[in-house]
J.: 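There's a structure below that I have some questions on.
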Amino acid sequence: MTTYHFKEIEQKWQKLWEEKKCFSAPNPTIDKRPYYILVMFPYPSGHLHMGHVRNYTIGDILARYYRRRGRAVLHPIGWDAFGLPAENAAIERGIDPGQWTMDNIKHMRGQLKMLGISYDWDREFATCTPEYYRWNQWIFIKMFEKGLAFRKKSPVNWCPKCATVLANEQVHNGRCWRCHTDVIQKELEQWFFKISEFAEQLLEDHKHLAPGKDQKGWPEEVLIMQKNWIGKSWGAFVDFEALEGGSKRAGTIRVFTTRPDTLFGATFMVLSPEHPMVEKLTTPDKKKSIETYREKARKTSKIDRTNIDREKTGEFTGSFAINPVNGNRIPIWIADYVMMDYGTGAIMAVPAHDSRDFAFAQKFKIPVIQVIQNPDQPLSLPLKEAYEGDGVLINSGPYDHLSTDESKKKIADDLKAKGLGEPTVTYKLRDWLLSRQRYWGTPIPIVYCPKCGAVPVKLEDLPVKLPANVKFTGQGDSPLKQSTEWVKTTCPKCSGPASRETDTMDTFVDSSWYYARYTDPKNEKLPFEAAQANTWIPVHQYVGGIEHACMHLIYSRFFHKVLRDMGLVKSDEPFASLLTQGMVTLGGSAMSKSKGNVVDPKTVVDKYGSDTARMFILFAAPPTQQLEWSDQQVGGIWRFLNRVWRLGQMFSGDEDAKSVKRSIEESSNVVSKEELTRMIHATIERVGTDIERDFGFNTAISAIMELVNAIYLYPDLGDDLSKEAVSATVQLLEPFAPHMAEELWEMMGNKSMLSQTKWPQVDKDKLLQKEIQIIIQVNGKLRHRINVPSQAKEEEVKSLALAAMEKRGQKIVPKRVIFVPHKLVNFVEN
RNA sequence: ACCGGCGUGGCGGAAUGGCAGACGCGUCAGACUCAAAAUCUGAUGAGCUUAGGCUCGUGAAGGUUCAAGUCCUUUCGCCGGUACCA
């Protein structure tokens, strides 16, 4: 009994593929249409984990399949190499983040090669090299020139003891992760990208991401999540006159409301604790309580603040506002359920028709005025809960008896006419804060000149390289400030003394356009050549985790539109189709180094080889589904591959290797020539449709398993038909288990490399069956099965079915008969 | 809390609204073997049974339909995201 010696075989083919550059992307032609398959590039954390294996195996199946379908395939890989973990490693172990990152890349590259993934390695790059990040800087400057990059003040998490900025991840329960000091919010001047300017386009262009003729499109759920994230809402701005302490005019407060129809029901106003007017409006007697409340709000997480079930809190400022439509004087409060970063940071509160406002009014004994009449319920006071539905206006002066729909528009228009507000649209999407007070990122290419202000570095002076002489202490703000030599420079405009920006860019900048760099990875004049990009982009299929649904996948769509407006790409969208792969979990949560629940793929690869590892992870669950790691089934895949191996050896010409052991005579399921012929073609068809229709890799594999089972139960093993069946098996197996498939293909006497051979063809005639099984239902319940000629017409099937039932002693007089061709007849008796 | 998703045998999972449990793991039995491993063959949701079948069964409760794992409503549990992890 021979077993499959995977080590030699896998090494042999990996070497051959690499030497012959089998997977270099060819130039697309008219007959060889492009297919760009992209997997989300890894952060080089040090080790490949099972989530990576899953991601890259899925990508490889598609690359190998479409290559054999005659497409020009671009399948690149690279490294998302800037980021926090390298800097943390530097702080903890005193090593150079660049060295740490490059060592990790080296190790992980080896692991990837070991998996036999068909990448075009010539296009590999890492984002932390100046050859890449100079183009981040180039794009940033172009955006700055167009006003798409700008500075404004924004809070950061600040640990007073470490005197450093903390990432959200480094804040645990409001405290610094290292020294446990209470974290405070500190305002810093920071750089933003004006993504909000693209909110409408980002929403509108979802239409390009629907399934279509040449694209599977994006999952509906991702589009919905993005839509909610962008959060468009129609409503009105309303300007309220503020009276400090109830009498002294203090300017206007603009609120945003989606319900201008309820304006007459506003009985108080709430400002976000961070609202700039709070200080001015706080009367001396309230100063202390307001200050305490603002302090508390600073420490409360956004998730808590927006929690509807949480008991409402707030403080009265001592000041009042005038409702512009009826002149009512209403108190101005502050409360943490109003967020500064949405709308205007201030709301008019209508307790009768908003449940949050209602809860607040109940707690603080603020009057409730009903202004919308619920058509399904008679007027009954006092209200027990807010009514948020539509209806007819009451208590609303000239607008009484109007419907909510009519009045929304009318009230907003009237406000505009009087200069007291206007109809408007707002978005939840906030501008992208890209400044990071860290070392291991792309330096923001700006110079501050006392005379000229913020001036971009000249394009020809790029890249602004990261300085080497920086110590990593975890203390102090931006580490680049230490490098005084580096900071000191001259103004690109006036040549006077100036200093560099010391913040670096968010790593999401790197990953927002890397897909385009792959099309022209060595370009030294531009981020990439438009001609190259337009050949391949939009990416035909993007594969990655669902956790990126809102951030990375919105940022890169935004960047693509910016690049389009610069003339670098033609398309509106970067990714035509998206496959969101499920997480690989252990103990219910995603595998991650920080949780320590990581399984090294090496354990499987060392024992069974990468073909088994690849097939196993695909077979365990459909790709979009979460996969709880368990290696229970690995042995099953290993056994299956060995079953195939032994079949292949039957036809290898090596007499000693013919070792298929069977006991056909004991089987009650022997397979005929006709059945095996049909199965060969049914399997070819099924594997193709499973891959193309819905990434059904697990069912494709089980179809191949069924074919192999059938071959084992075919009596004349060794004849031409069985050879054809084994050959088909090997060909269909290649995307999944490429090393073994190549080896068997060669052993069976083929000269071409299997991965370079056309995908097998289905002979539709061979799929036809003489008889098919029809199920008989009575009143929708399964009662019997019969075989009928596959050509049989409806009437014939019905009478055959009635006859079969009568033979079983059940005479049926149906009132109605449901007939589903090739499936069933259902006799309905009542 | 909000937005999105997922709940099917002992386990991973399969199933255009049309035979629930394909395929695999595990288990049991048989063959081969001095024996074991490996391999090959068969059986395997639960309950009942006069052995032909019958009843129940897809997190829970309702509903639509000739027919519901699949569609609708409510509900419970778990997972992802919530803007400085990537």
Side-chain angles (χ1 to χ4, degrees), chain A residues 1 3 40 42-43 45 80 83-85 156-157 165-171 219-222 224-225 227-229 231 302-310 341 428-430 432-438 506-508 511 545-552 554-555 580 582-583 585 588-590 592 594 619-622 624-628 630 632-637 639-640 642-643 646 659-669 696 698-699 701-706 709 712-713 773 775-777 779-782 785 808-809 814-818 820 823-824 826-830:
Chain A
M1 183 77 41
T3 51
M40 288 181 185
Y43 177 77
S45 58
D80 187 12
L84 197 55
V156 292
N157 299 313
V165 176
L166 298 175
N168 287 343
E169 196 191 48
Q170 299 170 317
V171 180
E220 192 67 39
E221 76 232 44
V222 174
I224 295 170
M225 276 190 263
K227 187 179 168 209
N228 293 332
W229 182 271
K302 185 186 160 191
I303 288 173
D304 284 338
R305 284 179 61 166
T306 50
N307 185 339
I308 288 183
D309 288 352
R310 191 164 138 264
D341 50 33
K428 285 207 176 80
L429 184 70
R430 306 205 305 259
W432 174 4
L433 196 173
L434 72 122
S435 292
R436 296 291 182 271
Q437 294 70 41
R438 303 194 190 290
D506 179 7
T507 57
F508 275 120
S511 56
I546 182 84
E547 68 274 18
H548 295 290
C550 289
M551 302 185 66
H552 163 60
I554 287 182
Y555 290 146
T580 49
M583 304 241 157
T585 58
S589 53
S592 78
S594 55
F619 185 63
T624 53
Q625 197 169 302
Q626 190 185 119
L627 168 57
E628 170 67 18
S630 151
Q632 268 189 28
Q633 293 204 88
V634 179
I637 295 289
R639 276 201 289 270
F640 166 71
N642 276 293
R643 264 163 86 80
R646 289 192 292 271
S659 60
V660 176
K661 185 178 166 187
R662 304 193 301 164
S663 38
I664 283 272
E665 54 292 341
E666 283 172 48
S667 174
S668 45
N669 303 315
N698 55 334
T699 51
I701 291 169
S702 64
I704 303 173
M705 286 174 169
E706 284 177 79
N709 290 345
Y712 269 80
L713 295 174
Q773 196 182 64
I775 63 162
I776 302 174
Q777 292 183 339
N779 299 325
K781 290 204 167 190
L782 173 72
R785 304 175 174 87
R808 298 177 71 226
K815 283 215 178 98
R816 189 143 84 94
V817 184
I818 311 277
V820 182
K823 285 231 170 84
L824 60 80
N826 182 12
F827 298 112
V828 186
E829 290 182 306
N830 39 38

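Each chain gets a letter, A, B and so on, in the order its sequence line appears, and its residues count up from 1.
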J.: Using 30° and 60° as the class boundaries, would you call the ring planes of A/F508 and A/Y555 parallel, tilted or perpendicular?
T.: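 Because their plane-to-plane angle lies in the 30° to 60° range, the rings of A/F508 and A/Y555 count as tilted.
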J.: Below 4.5 Å, heavy atoms only, C-beta onward: do A/N228 and A/K428 meet side chain to side chain?
T.: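 Contact flag for A/N228/A/K428 side chains = no.
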J.: Would you say A/R436 reaches B/C84's phosphate, i.e. side-chain N/O to OP1/OP2 under 4.0 Å?
T.: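 Yes, because at least one side-chain N or O of A/R436 sits under 4.0 Å from OP1 or OP2 of B/C84.
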J.: Just call it for A/S668: base, sugar-phosphate, or nothing, with non-hydrogen atoms closer than 4.0 Å on any strand.
T.: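 Sugar-phosphate, no base atom in range.
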J.: For B/G80, measure the glycosidic angle (O4'-C1'-N9-C4 for a purine, O4'-C1'-N1-C2 for a pyrimidine) and name it syn if it falls within 90° of 0, otherwise anti.
T.: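 Anti, angle beyond 90° from zero.
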J.: Which whole number of Å gives the distance between the C1' atom of B/G21 and that of B/G26?
T.: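 Here B/G21 and B/G26 have their C1' atoms 16 Å from each other.
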J.: Using atom C1' in both nucleotides, what's the gap between B/C23 and B/A60 to the nearest angstrom?
T.: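 The answer is 30 Å between these two C1' atoms.
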J.: Taking only N and O in the side chain of A/N698, is any of them less than 4.0 Å away from OP1 or OP2 of B/C23?
T.: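 So the side chain of A/N698 is outside the cut-off, no N or O lying under 4.0 Å from OP1 or OP2 of B/C23.
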J.: On the nucleotide B/A83, are OP1 or OP2 found under 4.0 Å from the side-chain N or O atoms that A/R430 carries?
T.: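 No, because none of the side-chain N or O atoms of A/R430 sits under 4.0 Å from OP1 or OP2 of B/A83.
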J.: Is there a side-chain contact between A/T507 and A/Y43 in this structure, where contact means two heavy atoms from C-beta onward sitting under 4.5 Å apart?
T.: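 Answer no - side chains too far apart.
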J.: Within the 4.0 Å heavy-atom criterion, would you say A/Q773 contacts the bases, only the backbone, or no part of the nucleic acid?
T.: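 The residue A/Q773 makes base contact.
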J.: Using only modelled atom types and a 3.5 angstrom limit, is any donor from either the side chain of A/E628 or the base of B/G12 paired with an acceptor on the other?
T.: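 Answer is no: no donor-acceptor pair is held.
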J.: With the side chain of A/E547 defined as its heavy atoms from C-beta on, choose the nearest nucleotide among B/U16, B/C3, B/G81.
T.: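 Of the candidates, B/G81 comes closest.
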J.: NE2 of A/H552 versus P of B/A83: gap in Å, rounded?
T.: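 Distance check: A/H552 NE2 to B/A83 P gives 18 Å.
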J.: May I have the distance from A/L713 (atom CG) to B/C23 (atom P), rounded to whole angstrom?
T.: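 Atom CG in A/L713 sits about 12 Å away from atom P in B/C23.
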J.: For B/A61 versus B/G45, give the span between their C1' atoms, rounded off to a whole number of Å.
T.: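 Per the computed distance, 24 Å lies between those C1' atoms.
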J.: Return the stems involving RNA chain B, sorted by first number, where pairs are Watson-Crick (N1-N3 with N6-O4 or O6-N4) or G-U wobble (N1-O2 and O6-N3), both under 3.5 Å, and runs are 3 or more long.
T.: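 Stems found: B:1-7 with B:76-82, B:10-12 with B:23-25, B:26-31 with B:39-44, B:45-48 with B:53-56, B:59-63 with B:71-75.
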J.: Please pick, from B/C11, B/G53, B/G18, the nucleotide with the shortest atom-to-atom distance to any side-chain atom of A/Q632.
T.: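 Selected nucleotide (nearest to the side chain): B/C11.
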J.: To the side chain of A/T699, which of B/U82, B/C40, B/A15 is closest?
T.: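 For the A/T699 side chain, the nearest candidate turns out to be B/A15.
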J.: In this structure, how many angstroms lie between the C1' atom of B/C85 and the CD atom of A/Q170, rounded?
T.: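 Nearest whole value for this atom pair: 9 Å.
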J.: Please measure how far the P atom in B/A20 lies from the corresponding atom in B/U75, and state the result in whole Å.
T.: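 Rounded to whole Å, the distance is 31 Å.
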J.: Could you tell me how far B/C78 sits from B/A83 if I compare only their C1' atoms? Round to whole Å.
T.: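 These two C1' atoms come out 25 Å apart once rounded.
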J.: Which nucleotide, B/C85, B/G12, B/C66, lies nearest any side-chain atom of A/P85?
T.: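 The answer is B/C85, which lies nearest to the side chain.
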J.: Mind checking the C1' distance from B/C6 to B/G52? Whole angstroms is fine.
T.: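 After rounding to an integer number of Å, I get 41 Å for this pair.
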